[in-house]
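Note sheet for the following structure.
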Amino acid sequence: MSVAWIGSQPVPLTDAIRNAAKLLASCRCPVFTLDTDVHGTRSTIALATMLGGAYDHAKGQVLANEVALFTNHGGMFTTPGEARRRSSLIILVGEIPPLHHDLLQAWATSQPDLGDKHTRRWFHISGDETSSSHGKLLRQLKAKPLRGEGLSLEATLALLRARLQHRPALSSLSNIDSLEKALASAQFPVFVFSGGSVEAAGLVMLQGLIADLNRKGRASSVFLPADDDAWGSALVSLWMTGFPLRTGFINSLPSYDPVQWDVQRMIHAKETDLHVWVSGRGGQTPPKGGKVVLISLSRTDVPTSGAAVTIAVGQAGVDHDGVAYSSRIGTFRAVQAATPSHLPSVSKVIGQLADALPGRREFAC
């Protein structure tokens with residue numbers, strides 16, 4: 001079974017590595033899009049450092065939205081474990097990604113055993129644009145809806161904040177009286193949200209609401225990333241460069257700019273001449289880049305359309321062991337290969353690419 005192609009022709013892996021290294025060595029402004037585990041992210045960033053490139057995530061816009069809350073505004077956060085053990089009032093905000101539904105269902109089958117020991121109650125803040133795809137989960141949690149007619153999620157959060165501060169408002173929200181009573185008796189209400197369904201303005205409004213509640217009592221929030229691997233990559237970038245993803249290198253120094261180093265924008269604006277697509281999970285296709293040369297490292301069994309070089313790579317936790325971020329425990333964890341395969345890891349392939357580059361300094365990974 002082939003694991004490497006030049007164009008559409010299968011070739012030995014060493015030939016594909018050699019050809020890709022030549023393309024990397026001759027380019028002037030490479031960009032990297034990644035969707036991989038911790039080791040793959042580290043290797044990709046190290047290669048971008050060597051080449052003076054920029055890197056972003058395949059889900060860059062959603063991730064940038066989540067990162068902006070921390071880099072631009074800040075907030076009050078607690079861990080899932082603390083919320084499960086201390087909070088009798090959970091307020092869900094917007095859509096919660098399906099990967100976190102098991103966590104919420106586990107909370108529903110337990111009761112707080114530290115501090116506030118009342119029976120746990122649930123509410124759900126939504127807007128007109130909020131999908132009903134997780135209606136089954138809300139029914140299982142018996143979550144009371146908080147929404148206003150014709151209001152977006154951001155407007156609903158603003159109206160809720162105004163109502164809780166006893167300010168006049170032109171609209172009303174369903175079940176607002178029930179929420180006010182629940183907040184009055186709860187010792188530690190927790191708002192659960194994901195950056196995938198709430199715009200930046202809504203995230204800031206939510207944190208302002210939580211800050212208001214903390215003037216008279218205690219309240220916090222649990223941030224559940226839209227994608228655990230993407231958030232793990234952001235943390236890896238942070239410890240390697242001091243900045244999250246959407247970072248580029250100028251004179252070997254990292255420069256963070258969520259607009260300038262938006263890789264998709266750079267491709268469409270023709271600010272790059274080489275795009276390296278790194279996707280250990282597969283299932284996505286690189287954005288079309290006109291005359292931009294494409295090198296694809298993807299979990300695939302066929303060559304990537306439009307790629308000058310395609311190398312098949314494995315997925316951590318499926319094809320090989322690895323390390324991944326887990327929002328349930330709030331840190332990184334080791335993952336074992338479920339079905340070990342012959343596919344090489346992203347970090348191994350990128351290490352071979354770095355070794356094949358002519359006249360380059362040591363690969364710092």
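Note that these values count all heavy atoms, side chains included, but never hydrogens, waters or copies made by symmetry. Here the structure is a predicted model, which is why all the values come from computation and not from measurement.
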Checklist entry - Does P258 offer a backbone N or O that forms a donor-acceptor pair with the side chain of R246 under 3.5 Å? => result yes
Checklist entry - If you draw a 6.0 Å radius around CD in Q260, do more than 12 non-hydrogen atoms from other residues or ligands fall strictly inside? => result yes
Item to check | Residue pair S298 / S296: nearest heavy atoms and the distance that separates them | outcome: CB-OG, 3.6 Å
Checklist entry - For H118, does the NE2 atom sit with more than 12 other heavy atoms under 6.0 Å from it, leaving out its own atoms? => result no
Checklist entry - Can you check whether T49 reaches M240 side chain to side chain, under 4.5 Å on heavy atoms? => result no
Item to check | Option from R86, R84, R85 for which side chain to side chain donor-acceptor pair (under 3.5 Å) with D113 holds | outcome: R85
Item to check | Student check: side-chain heavy atoms of I350 and F32 closer than 4.5 Å | outcome: no
Checklist entry - Side chains of Q207 and S221: closer than 4.5 Å at any heavy-atom pair? => result yes
Next on the checklist: Between the side chains of D273 and R28, is the shortest nitrogen-to-carboxylate-oxygen separation below 4.0 Å, so that they form an ion pair?
Outcome noted: no
Item to check | Validation row: E95, S194 side chains within 4.5 angstrom (heavy atoms) | outcome: no
Checklist entry - Taking all atoms of both residues into account, what is the closest heavy-atom pair of P254 and T247, and its distance? => result CB-CG2, 3.9 Å
Checklist entry - For residues 236-245, which residue pairs qualify under side-chain hydrogen bond (donor to acceptor under 3.5 Å, both in side chains), counting only residues two or more places apart or in two chains? => result Y55-S237
Next on the checklist: Please determine whether a side-chain nitrogen of the Lys or Arg among D227 and R281 lies less than 4.0 Å from a carboxylate oxygen of the Asp or Glu.
Outcome noted: yes
Item to check | Distance-only donor-acceptor check, side chains S233 and T41, under 3.5 Å | outcome: yes
Checklist entry - What is the minimum heavy-atom distance between S178 and K144, and which atoms define it? => result OG-NZ, 3.7 Å
Item to check | Least distance between heavy atoms, P358 atom then A25 atom | outcome: CD-CB, 3.8 Å
Checklist entry - So, does D229 use its side chain to make a donor-acceptor pair with the main chain of A324 at under 3.5 Å? => result no
Next on the checklist: Assess, by modelled atom type and distance only, whether the side chains of S220 and T78 contain a donor and an acceptor separated by less than 3.5 Å.
Outcome noted: no
Checklist entry - For the side chain of N214 and the backbone of A219, is there at least one donor-acceptor N/O pair under 3.5 Å apart? => result yes
Next on the checklist: Checking the side chain of S347 only, and the main-chain atoms of S43 only, is there a donor and an acceptor separated by less than 3.5 Å?
Outcome noted: no
Checklist entry - Under a single-linkage rule joining Ile, Leu, Val, Met, Phe, Trp and Tyr whose side-chain heavy atoms are separated by less than 4.5 Å, which residues share a cluster with L92? => result I90, I96, L103, L104, W107, W122, L137, L138, L141, F188, V190, V192, V222, L224
Next on the checklist: I want to check something: taking the side chain as every heavy atom from C-beta on, are L353 and I17 in contact at a cut-off of under 4.5 Å?
Outcome noted: yes
Checklist entry - If you round to the nearest 0.5 Å, how far is CG of L203 from CD of E66? => result 8.0 Å
Item to check | R328 and P80, any side-chain heavy atoms less than 4.5 Å apart | outcome: no
Next on the checklist: Show the nearest heavy-atom pair for residues L23 and L274, with the distance to one decimal.
Outcome noted: O-CD2, 3.8 Å
Checklist entry - Quick one: are L34 and H57 in side-chain contact, heavy atoms under 4.5 Å? => result yes
Next on the checklist: Quick check on L170: does its CG atom have over 12 non-hydrogen neighbours (other residues, nucleotides or ligands) under 6.0 Å away?
Outcome noted: no
Checklist entry - What are the two closest heavy atoms between I6 and D15, and how far apart are they? => result CD1-O, 4.2 Å
Checklist entry - Does the H100 side chain pair with the main chain of P225, one donor and one acceptor, at a distance under 3.5 Å? => result yes
Item to check | Short side-chain to backbone donor-acceptor contact, H320 and P340, under 3.5 Å | outcome: no
Next on the checklist: Does any part of the side chain of D262, heavy atoms only, come nearer than 4.5 Å to the side chain of D56, both counted from C-beta?
Outcome noted: yes
Checklist entry - How would you list all residue pairs meeting ring-ring contact (aromatic ring centres under 6.0 Å, His included) that involve residues 207-227, not counting sequence neighbours? => result F70-F223, F193-F223, F223-W231
